A.B. asks: 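If you scroll down you'll find the structure; I have some questions about it.
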Amino acid sequence: QVQLVASGGGLVQPGGSLRLSCATSGFTFSMWPMSWYRQAPGKERELVAGIAATGSDTNYAESVKGRFTISRDNAKRTLYLQMNSLKPEDTAVYYCKAGPFNSWGQGTQVTVSS
């Protein structure tokens, strides 16, 4: 039922930027917090950023603070992640997550390399 489609990933050089989007359906988007996770090869999935249902409160992993910005548009049922000053260690598959629901989709690949 819960559908999450992440997009916007790609290959970028260190210092570059990407904007990820997550289109959602199958749940009441505006009543749940949302989050972005990432998983690098050989590593566990980790929380990158979270945002409250209203968009009024956000939190970030220490490694991305000051570089990434999570936002949401409740009218469009869409979650965003603006990623600036990208580093090679940001390379991972990025997934969006809706509230407590265990639906991850396929994610979107972000590769930061020269």
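Quick caveat, the model's predicted, so the values are computed rather than measured. FYI, side chains are in, hydrogens and waters are out, and symmetry mates aren't considered; it's all heavy atoms of this structure.
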A.B. asks: For the hydrophobic clusters of this structure (ILVMFWY residues joined by side-chain heavy atoms under 4.5 Å, transitively), does one cluster hold both Val5 and Ile51?
C.D. replies: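 No, separate clusters.
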A.B. asks: Tell me if a side-chain donor or acceptor on Arg72 pairs with a main-chain N or O of Gly55 at a distance below 3.5 Å.
C.D. replies: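 Not at all, since once roles are kept as given, no pair shorter than 3.5 Å links the two residues.
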A.B. asks: Taking Ile70 as the starting point, is it possible to reach Tyr37 by hopping between hydrophobic residues whose side chains are less than 4.5 Å apart?
C.D. replies: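 No; Ile70 is not reachable from Tyr37 via cluster members.
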A.B. asks: Could you tabulate the donor-acceptor pairs under 3.5 Å formed by side-chain atoms of residues 107-114, not counting sequence neighbours?
C.D. replies:
residue : atom : partner : partner atom : Å
Thr108  : OG1  : Gly9    : N            : 3.0
Gln109  : NE2  : Ala92   : O            : 3.4
Gln109  : NE2  : Thr111  : OG1          : 3.3

A.B. asks: Per the ring pair (Phe, Tyr, Trp, His ring centres under 6.0 Å) rule, what does the pair list look like for residues 54-99, sequence neighbours excluded?
C.D. replies: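 Of all non-adjacent pairs touching residues 54-99, none passes ring pair (Phe, Tyr, Trp, His ring centres under 6.0 Å).
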A.B. asks: Taking distance alone, no hydrogens or angles, what donor-acceptor pairs closer than 3.5 Å link side-chain atoms of residues 13-25 to residues at least two apart or in another chain?
C.D. replies:
residue : atom : partner : partner atom : Å
Ser17   : OG   : Asn84   : OD1          : 2.9
Thr24   : OG1  : Arg77   : O            : 2.9

A.B. asks: Is there any ring pair (Phe, Tyr, Trp, His ring centres under 6.0 Å) pair reaching into residues 10-31, and which pairs are they, with sequence neighbours excluded?
C.D. replies: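 Only Phe27-Phe101 qualify under ring pair (Phe, Tyr, Trp, His ring centres under 6.0 Å).
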A.B. asks: Establish whether Trp104 and Trp36 are linked, either directly or via other cluster members, by ILVMFWY side-chain heavy-atom contacts under 4.5 Å.
C.D. replies: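 No, it is not one cluster - the side chains of Trp104 and Trp36 are not joined through contacts under 4.5 Å.
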A.B. asks: What pair of heavy atoms forms the shortest contact from Ser35 to Leu47, and how long is it?
C.D. replies: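 Shortest heavy-atom contact: CB-CD1, 3.8 Å.
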A.B. asks: How long is the straight-line distance from CG of Leu4 back to SG of Cys96, given to the nearest 0.5 Å?
C.D. replies: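 Answer for the SG-CG pair, Cys96 versus Leu4, is 4.5 Å.
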A.B. asks: Gln106: which residues meet the side chain to side chain contact (heavy atoms under 4.5 Å, CB included) condition with it, sequence neighbours left out?
C.D. replies: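 So Gln106 forms no side chain to side chain contact (heavy atoms under 4.5 Å, CB included) with any residue.
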A.B. asks: Side-chain heavy atoms nearer than 4.5 Å, only ILVMFWY residues, links allowed to pass through others: does that put Leu86 and Leu81 together?
C.D. replies: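 Yes; Leu81 is reachable from Leu86 via cluster members.
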A.B. asks: Sort out for me which residue in Gln82, Lys87, Met83 forms a side-chain contact (heavy atoms from CB on, under 4.5 Å) with Arg67.
C.D. replies: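 With Arg67 as partner, side-chain contact (heavy atoms from CB on, under 4.5 Å) holds for just one option, Lys87.
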A.B. asks: Please, which pairs that meet side-chain hydrogen bond (donor to acceptor under 3.5 Å, both in side chains) have at least one residue in residues 45-54, sequence neighbours excluded?
C.D. replies: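 Output for this query lists Arg38-Glu46, Thr54-Ser56.
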